Amino acid sequence: MYTFNALETKNKLVAWIRDWFEKNGNGCNAVVGLSGGKDSTIMAALCVEALGKDRVIGVGMPDKGQDLHGADRIAAYFGIRFIEANIGGMTTALKQMFADGKNQTENPWGFDMSVQAEQNMPPRLRMVTLYAISQSNNGRVMGTCNLSENYIGYLTKFGDGASDVEPMANLTVTELLQIGDLMGIPAEWVHKIPTDDLPHSKTDEEKFGFTYATLDKYIRGLETPEPEIKEKIDRMHRNNLFKLQLVDTFEWE
């Protein structure tokens, strides 16, 4: 029977993070990409409790025309070092490379950047940025994915889906909200309505066609949604399993 104890789970998470660093980077810093949302905020809070605020670095990475969505305020709240790294120049350069390639006189590419590629570009450039900052500060990149988003593939492969460690990957959104509230993190960050921050963006739940609460109850076997929603969740899960698996390799004997 499903039960969830937020305090017990939080304490185990903190101990697990501390133990992981002792084994995989004793004395290293935790580097967290701060988006202003619940996952990265809770991750920062867990790292501060596990390692101390002097060993946690928050990084805000707005694209051109974007603001920090409170990432700097979150870092100040926890008393951790904050780095603002605007990725606008990189996204602009990559888009220009595609345009130049398509229009070059000799051997033109003959295609535009796809909508999907353009949408996934900022998350991947943010991960490049995080790793560059991490490797320059004796760091380890902390993953901020959760089970709910992973289950339906709501992550960018080699973008927000990449990290050195994923402490929260087996916890649902519902469970993480309980942990965030328990830790006393301001509700404006824990319960901020999540969006993908794209132009004319809808909320996550508007795009899904179902709520995180519905998804989480289904994942935990507490409640099966109506058939249409169940089929949609199952389809999203099947279609995105490749994002969570190791890449296939040829077995040479």
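Since this is a predicted model, take the numbers as computed values, not measurements.
Counting all heavy atoms, side chain and backbone alike, N138 lies closest to G27 at ND2-O, 3.6 Å. Here the closest heavy-atom approach between residue K243 and residue L155 is recorded as NZ-O, 2.9 Å. For the pair P108 and Q104, the tightest heavy-atom approach, listed with the atom from each and the gap, is CB-O, 3.3 Å. Minimum heavy-atom separation, P62 to L68: CD-CD2, 3.7 Å. The two atoms that bring M142 and I17 nearest to each other are CE-CG2, 4.5 Å, heavy atoms only. For the residue pair G60 and A71, the shortest heavy atom distance occurs at CA-CB, 4.4 Å.
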Would H69 and D67 count as a side-chain hydrogen bond (donor to acceptor under 3.5 Å, both in side chains) if you check the C-alpha gap in whole Å, the side-chain angles of each, and the deciding distance to 0.1 Å?
CA-CA 6 Å; H69 299 296; D67 60 33; 3.1 Å; yes
What's the verdict on side-chain contact (heavy atoms from CB on, under 4.5 Å) for E84 and V59, showing C-alpha distance, side-chain angles and the deciding distance?
CA-CA 6 Å; E84 180 179 350; V59 185; over 6 Å; no
Give the C-alpha distance, both sets of side-chain angles, the deciding distance and a yes or no for side-chain contact (heavy atoms from CB on, under 4.5 Å) between M121 and M90.
CA-CA 10 Å; M121 178 175 58; M90 291 191 290; over 6 Å; no
Check step by step if salt bridge (charged side-chain N to carboxylate O under 4.0 Å, His left out) holds for E188 and R73.
CA-CA 11 Å; E188 66 175 296; R73 292 193 297 115; 3.1 Å; yes
Could you check R126 against D160 for side-chain contact (heavy atoms from CB on, under 4.5 Å), going step by step and ending with a plain yes or no?
CA-CA 8 Å; R126 288 189 177 102; D160 55 326; over 6 Å; no
Where do I179 and L171 land on the side-chain contact (heavy atoms from CB on, under 4.5 Å) test, with the steps shown first?
CA-CA 10 Å; I179 290 174; L171 293 170; 4.1 Å; yes
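Annotation: D248, atom CG; neighbour count of heavy atoms from other residues, nucleotides and ligands within 6.0 Å does not exceed 12. For F158, the CZ atom is loosely surrounded, since the number of other residues' heavy atoms within 6.0 Å does not exceed 12. Open room surrounds CD on E228; 12 or fewer heavy atoms of other groups in view lie less than 6.0 Å from it. Atom CG of N170 has 12 or fewer neighbouring heavy atoms from other residues, nucleotides or ligands inside a 6.0 Å radius.
Under the 3.5 Å distance criterion, the side-chain polar atoms of S40 are left unmatched by any main-chain donor or acceptor of L34. Put simply, the side chain of R124 gets close to the backbone of K157: a donor and an acceptor are under 3.5 Å apart. A donor-acceptor contact shorter than 3.5 Å is absent between the side chain of S163 and the backbone of V141. Judged purely by atom type and a 3.5 angstrom limit, T214 has no side-chain atom pairing as donor or acceptor with the backbone of F210.
Cluster annotation: M168 and F78 are assigned to the same hydrophobic cluster (Ile/Leu/Val/Met/Phe/Trp/Tyr, side-chain heavy-atom contacts under 4.5 Å, transitive). Using a 4.5 Å cut-off between side-chain heavy atoms of Ile, Leu, Val, Met, Phe, Trp and Tyr, with links allowed through other members, L241 and Y218 fall into different hydrophobic clusters. Both L46 and W16 belong to a single network of hydrophobic side chains, linked directly or stepwise wherever heavy atoms of I, L, V, M, F, W or Y lie under 4.5 Å apart. Taken together through direct or relayed side-chain contacts under 4.5 Å among Ile, Leu, Val, Met, Phe, Trp and Tyr, L176 and Y77 form part of one hydrophobic cluster. L51 and I185 fall within a single hydrophobic cluster, where Ile, Leu, Val, Met, Phe, Trp and Tyr side chains are chained together by heavy-atom contacts under 4.5 Å.
Looking at heavy atoms from C-beta onward, D181 lies in side-chain contact with H191 at the 4.5 angstrom threshold. Between Y151 and N146, the closest side-chain pair of non-hydrogen atoms is not below 4.5 Å. Residues V190 and T41 have side chains not in contact (no heavy-atom distance under 4.5 Å, counting atoms from C-beta outward). At least one side-chain heavy atom of F21 sits under 4.5 Å from a side-chain heavy atom of R140. The side-chain heavy atoms of I80 and I57, taken from C-beta on, include no pair separated by under 4.5 Å. T91 has its side chain within reach of L125: a pair of non-hydrogen atoms, C-beta onward, lies under 4.5 Å apart. When side chains are defined from C-beta on, R238 counts as touching D234, because their heavy atoms get closer than 4.5 Å. Within the 4.5 Å cutoff, no side-chain heavy atoms of Q178 are placed close to those of N5.
Remark: the D100 side chain and the Q96 side chain contain an N/O donor-acceptor pair separated by less than 3.5 Å.
Interatomic distance, D39 CG to E149 CD, rounded to the nearest 0.5 Å: 5.0 Å. Rounding to the nearest 0.5 Å places CZ of R55 at 9.5 Å from SG of C47. Taking CG of N150 as the start and SG of C145 as the end, the distance is 5.0 Å to the nearest 0.5 Å. Here the straight-line distance linking atom CD1 of I42 with atom CD1 of I74 works out to 10.5 Å at 0.5 Å rounding. In this structure, the separation between CE on M61 and CD on Q66 is 11.0 Å, given to the nearest 0.5 Å. Separating the CG atom in D216 from the OG atom in S148 is a distance of 3.5 Å, to the nearest 0.5 Å.
The only option from D54, N137, N29 that meets the side chain to side chain donor-acceptor pair (under 3.5 Å) definition with R81 turns out to be N137. Across K10, K217, R220, a single residue satisfies salt bridge (Lys or Arg N to Asp or Glu O under 4.0 Å) together with E175, and that is R220.
Under the 6.0 Å cut-off for aromatic ring centres, Y154 and F208 qualify, their centroids lying closer than that.
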Which pairs would a plain distance check flag for residues 110-117, meaning a side-chain donor or acceptor within less than 3.5 Å of a matching protein atom at least two apart in sequence or in another chain?
residue	atom	partner	partner atom	Å
D112	OD1	K102	NZ	2.9
D112	OD2	K102	NZ	3.1
S114	OG	A117	N	3.0

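K12 pairs by the salt bridge (Lys or Arg N to Asp or Glu O under 4.0 Å) definition with E8, not counting sequence neighbours.
Under the 6.0 Å distance and 45° angle rule, K38 counts as a cation-pi partner of Y212.
Between D19 and K23, at least one side-chain nitrogen of the basic residue sits less than 4.0 Å from a carboxylate oxygen of the acidic one, meeting the salt-bridge criterion.
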